[in-house]
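Here is the structure we will look at.
Throughout, a chain's letter reflects where its sequence line sits, starting with A, and its residues are numbered from 1. If you're wondering where the values come from, they're calculated on a predicted model, not measured in any experiment.
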Protein chains: 2
Amino acid sequence: MTKNKENNTEALILDAAKDIFQHKGMEGARMQEIADKAGINKAMLHYYYRSKQKLFEAVFKSAINLMAPKVVEIINTEEHLFDKIRNFTDKYITFISKHSYIPLFIINELRRNPEILKTTLDHNFDVSVRDKLREEIAILIQNKEIKPISAEQLFLDVISLCVFPIITKPLMTVILDKNNKQYDEIITQRKKYVADFIINAIKY
Amino acid sequence: MTKNKENNTEALILDAAKDIFQHKGMEGARMQEIADKAGINKAMLHYYYRSKQKLFEAVFKSAINLMAPKVVEIINTEEHLFDKIRNFTDKYITFISKHSYIPLFIINELRRNPEILKTTLDHNFDVSVRDKLREEIAILIQNKEIKPISAEQLFLDVISLCVFPIITKPLMTVILDKNNKQYDEIITQRKKYVADFIINAIKY
DNA sequence: AAATAGTTTAACCGCTTGGTTGACAAAAGT
DNA sequence: ACTTTTGTCAACCAAGCGGTTAAACTATTT
């Protein structure tokens, strides 16, 4: 996890909490385990974060604020859509591979409490980003560079193809009969493969 | 959940356990809650299934045995690959939409215990199915009907594009700014959209 | 109809859980 | 110098957990 250089207790707790919560979820995590990992007394968790729920929310928001900007960042560049796609798949697969527990963590805890996002994400992923992408696609369709597709479907395609194979690694290694190393190689190849796949699918 | 016609207590428990476990996971589920849902005494859970772990495993195996055959079934038909893809995306998206909690349930609990599959799935998803798909793709590549791609990558593509948008509904409705009904419509359109998308991506 | 086996229940048990308390020490303010 | 604030800890607590028990009820066998 994110190592903190200062021996600041509050940050020490948050780092330990990230590790435990993201691997075990809200229900699976134990306050004692987080305290042990942080190397401090359990009472400190409540001193700094009041309750398990509050500590969890801090971890959740930190996860959202780690993931969301990465998406927005690339969409907001001035490149051609095809370059955006190549850029995104490569960077996002690399990034998610490094933080493979976070997407599932977000998906799960959002199911338990669908409201939690409304106070966190709205600012990061606002209307302008969506509209910009929609416009860009509309122009490319008009210019007959790409087939007539909806921005929403394309967005879902890109994210699905990047994220799903990573979060389902334990399942897919069994189904595809690969060991960890072999599967990691498949994921590495996907960084280029997925971009070509998508571009082939949408171009005229 | 699956309703059972007989007032067979054992089946009543399993149905209730499916519901609770699949929504809340192993750690989040409470034995008392399962008993309440089944309308019986908590001691009955232990009478029929010994422990929470054993009951959970029964639910997990039932989930695997519901999902796996659906995949194998379609791969094993004698249709052309493109028809298989059209058939699969349509049927699988419909099917997963009806049981939207199961994929996430399987993915999650497989992370906690990667060994659990080895006693369950191996028989359903054996070598012959994999080899058959690989051969079919090899022939199509040789005939220049499709681009040279690996069977593994294509398999990951298909499953990702079908399943991920469904399990991330609570997240995606916020990101894409859709209400439930609008998002369901997007999923419905995907049944055809995904097949076209994939076929365009791989065909010559 | 008595005995037996199978099913269901309320009450209970030991343990773990998130959270609290009060004593105490180290800074910080005066 | 001493008072207040902030940070830390071991010990504790009530609630809730999975699991057990012994007795009661029901169906089956003899």
Counting only distance, no hydrogens or angles, is the base of C:dG19 paired donor-acceptor with the side chain of A:Lys52 under 3.5 Å?
no
B:Tyr48 vs C:dT8: side-chain N/O to OP1/OP2 distance below 4.0 Å:
yes
Is there a side chain to side chain donor-acceptor pair (under 3.5 Å) between A:Lys169 and A:Ser100? Walk through the geometry before answering.
CA-CA 10 Å; A:Lys169 180 176 172 179; A:Ser100 64; over 6 Å; no
Atom NZ of B:Lys54 and atom P of D:dG19 are separated, to the nearest Å, by 10 Å
Contact class for B:Tyr49 (heavy atom, under 4.0 Å): base, sugar-phosphate, or nothing?
nothing
Per atom distances to the B:Met44 side chain, the nearest of D:dG19, C:dA10, C:dT8 is C:dT8
Nearest-angstrom distance from the residue atom CG of A:Leu12 to C1' of D:dT8:
13 Å
So B:Arg111 and A:Tyr101, side chain to side chain contact (heavy atoms under 4.5 Å, CB included) or not? Walk me through it.
CA-CA 10 Å; B:Arg111 286 228 154 183; A:Tyr101 280 86; 3.4 Å; yes
Interatomic distance, NE2@B:His99 vs CD@B:Gln22, rounded to 0.5 Å, equals 8.5 Å
I need the NZ-C1' distance between B:Lys42 and D:dT20, as an integer number of Å.
9 Å
From CD of A:Gln53 over to P of C:dG18, roughly how many Å is that when rounded to an integer?
12 Å
Roughly how many Å is it from NE2 in A:His46 to C1' in D:dG7, rounded to a whole number?
16 Å
Report the relative orientation of the aromatic rings in A:Phe164 and B:Phe164; use parallel for angles under 30°, tilted for 30 to 60°, perpendicular for over 60°.
perpendicular
If you check the A:Tyr47 side chain, which of C:dG19, C:dT20, D:dG7 turns out closest?
D:dG7
Parallel under 30°, tilted from 30 to 60°, perpendicular over 60°: which one fits the rings of A:Phe56 and A:Phe21?
perpendicular
Listed nucleotide nearest any side-chain atom of B:Ser51, set D:dG19, C:dG19, D:dT20
D:dG19
Taking all heavy atoms of B:Met67 and all of B:Ile96, pick out the closest pair and write down the distance.
CE-CD1, 2.9 Å
Decide if atom NZ of A:Lys91 counts as having more than 12 heavy atoms of other residues, nucleotides or ligands within a radius under 6.0 Å.
no
Name the closest nucleotide to the B:Thr9 side chain, picking from D:dG19, D:dT21, C:dT8.
C:dT8
Rounded distance in Å - CG (B:Leu45) to P (D:dC17)
13 Å
Mind listing the residues from residues 26-41 of chain B sitting with a heavy atom below 4.0 Å of DNA chain D? Number order is fine.
B:Ala29, B:Arg30, B:Met31
Round to a whole Å and report the spacing from CG of A:Asn8 to C1' of D:dT6.
13 Å
